[in-house]
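First up is the structure itself, then whatever we jot down about it.
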Amino acid sequence: NEAQKLLPEIQSARANARNAQAPQVAPELWREAEQARLAARTALTNGDFTEAKQLALKAKQKYDEATGHAPSSTPTP
């Protein structure tokens, strides 16, 4: 199902956010992403695929937002 297909994307977004120090620079977004990720996994386990997909998308969005708050390694002109 679609929710299961999103899991690798979430893991990738999570790894990118962690590498960008998101837990330190955007702790609130990181916390929201973690909560959504865990809730998505629970929903998937419970067979609620619609809810799992929505939560998975929310988690990915929050990880991406948190990554965007990290300082860039390339200087801004």
Side-chain angles (χ1 to χ4, degrees):
N1 68 51
E2 291 181 50
Q4 286 180 318
K5 292 176 187 172
L6 285 170
L7 293 178
E9 288 183 42
I10 294 170
Q11 289 303 110
S12 177
R14 184 175 189 260
N16 289 341
R18 185 186 296 275
N19 290 340
Q21 305 299 314
Q24 290 78 29
V25 299
E28 183 67 22
L29 288 169
W30 177 262
R31 186 183 61 77
E32 290 176 23
E34 288 286 278
Q35 287 177 339
R37 180 180 62 86
L38 294 173
R41 198 172 285 278
T42 300
L44 192 61
T45 301
N46 293 338
D48 189 348
F49 301 120
T50 302
E51 181 74 7
K53 181 181 175 187
Q54 290 174 346
L55 288 164
L57 289 171
K58 178 181 178 182
K60 184 178 181 316
Q61 176 189 3
K62 293 295 181 183
Y63 285 128
D64 290 344
E65 284 182 46
T67 302
H69 280 76
S72 175
S73 59
T74 54
T76 307

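We number each residue from 1, following the sequence as shown.
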Trp30 to Ala66 - nearest heavy-atom pair and separation: N-CB, 4.4 Å
Work out which heavy atom in Leu55 is nearest to a heavy atom in Ala40; give both atom names and the distance. CB-CB, 3.6 Å
The test is side chain to side chain contact (heavy atoms under 4.5 Å, CB included); show your working for Ile10 and Tyr63 and say whether it passes. CA-CA 8 Å; Ile10 294 170; Tyr63 285 128; 3.9 Å; yes
Determine whether Glu9 and Leu6 satisfy the following criterion, side chain to side chain contact (heavy atoms under 4.5 Å, CB included), listing intermediate values before the conclusion. CA-CA 5 Å; Glu9 288 183 42; Leu6 285 170; 4.0 Å; yes
Identify the two heavy atoms, one from Pro23 and one from Ala17, that lie closest to each other, and give their separation to 0.1 Å. CD-O, 4.0 Å
Where is the tightest heavy-atom contact between Arg37 and Ala59, given as atom of each residue plus distance? N-CB, 3.6 Å
Taking Thr45 for its side chain and Arg41 for its backbone only, find out whether a donor-acceptor pair lies under 3.5 Å. yes
Do Phe49 and Gln4 make a side-chain contact, defined as non-hydrogen atoms from C-beta onward lying under 4.5 Å apart? no
Which atoms form the tightest heavy-atom contact between Ala20 and Val25, and what is the distance? O-CG2, 4.3 Å
Find the distance between CZ (Arg14) and CG (Leu7) and round it off to the nearest 0.5 Å. 12.5 Å
List the steps, then state whether side chain to side chain contact (heavy atoms under 4.5 Å, CB included) holds for Lys60 with Asp64. CA-CA 6 Å; Lys60 184 178 181 316; Asp64 290 344; 3.0 Å; yes
Working to the nearest 0.5 angstrom, can you tell me the gap between Arg18 CZ and Thr67 OG1? 11.5 Å
Atom CD of Glu28 and atom CD of Glu65: how far apart are they, to the nearest 0.5 Å? 11.5 Å
Please determine whether salt bridge (charged side-chain N to carboxylate O under 4.0 Å, His left out) holds for the pair Glu34 and Arg31, giving the CA-CA distance in whole Å, both sets of side-chain angles, and the decisive distance to 0.1 Å. CA-CA 5 Å; Glu34 288 286 278; Arg31 186 183 61 77; over 6 Å; no
